Amino acid sequence: MPSIALATAADMAYWTGRPIGTIWRWASEGRITVYGSGKKARYNLLEVEPAERDADTRELITPTPAPAIKGCARVAA
């Protein structure tokens with residue numbers, strides 16, 4: 001089984017049920033890994049869970065929650 005599945009920002013947006021701008025923001029925040037830059041940038045689909053979609057119509061039911069920022073730990077208040 002592959003440990004990496006690279007896709008464009010548009011493909012990642014569909015996979016997660018989020019806008020492309022959100023994918024770019026997640027990459028800039030370090031939530032997901034970006035491979036390459038500019039129009040050649042690719043993202044690993046296996047880093048995030050897929051969005052929940054209707055099996056028949058593929059309509060979005062629930063988008064993927066935002067992944068945690070890598071290297072950051074939550075501190076209990």
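Predicted, not measured: the structure shown is a model, and the values here were computed from it.
The nearest pair of heavy atoms linking A9 to I20 is CB-CG2, 3.9 Å. What you find for Y43 and A27 is that their closest heavy atoms are CE2-CB, 3.7 Å. Nearest heavy-atom pair across A66 and R18 is N-NH2, 4.0 Å. Scanning both residues, A51 and G17, for their nearest heavy atoms gives CB-N, 3.8 Å.
Side chain of S28 to main chain of R25: a donor-acceptor pair is present (N/O by atom type, distance under 3.5 Å, no hydrogens or angles). Remark: side-chain polar atoms of T16 are not paired, donor with acceptor, to backbone N or O of T64 under 3.5 angstrom.
The distance from atom CG of L6 to atom CG of L46, rounded to the nearest 0.5 Å, is 9.0 Å. Distance check: M12 CE to E47 CD gives 6.0 Å after rounding to the nearest 0.5 Å. In this structure, the separation between CZ on R31 and OG1 on T22 is 10.5 Å, given to the nearest 0.5 Å.
N44 is not listed as a side-chain neighbour of I32, based on a closest heavy-atom distance of 4.5 Å or more. Contact check for D11 versus W15: no side-chain heavy atoms found under the 4.5 Å cut-off.
Environment of CD in E49: sparse, with no more than 12 heavy atoms of neighbouring residues, nucleotides or ligands closer than 6.0 Å.
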Item checked: T8 vs K39, side chain to side chain donor-acceptor pair (under 3.5 Å): CA-CA, chis, key distance, verdict -> CA-CA 9 Å; T8 64; K39 290 184 178 184; over 6 Å; no
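Geometric assessment of R53 against the ring of Y14 yields a positive cation-pi assignment under the 6.0 Å and 45° thresholds.
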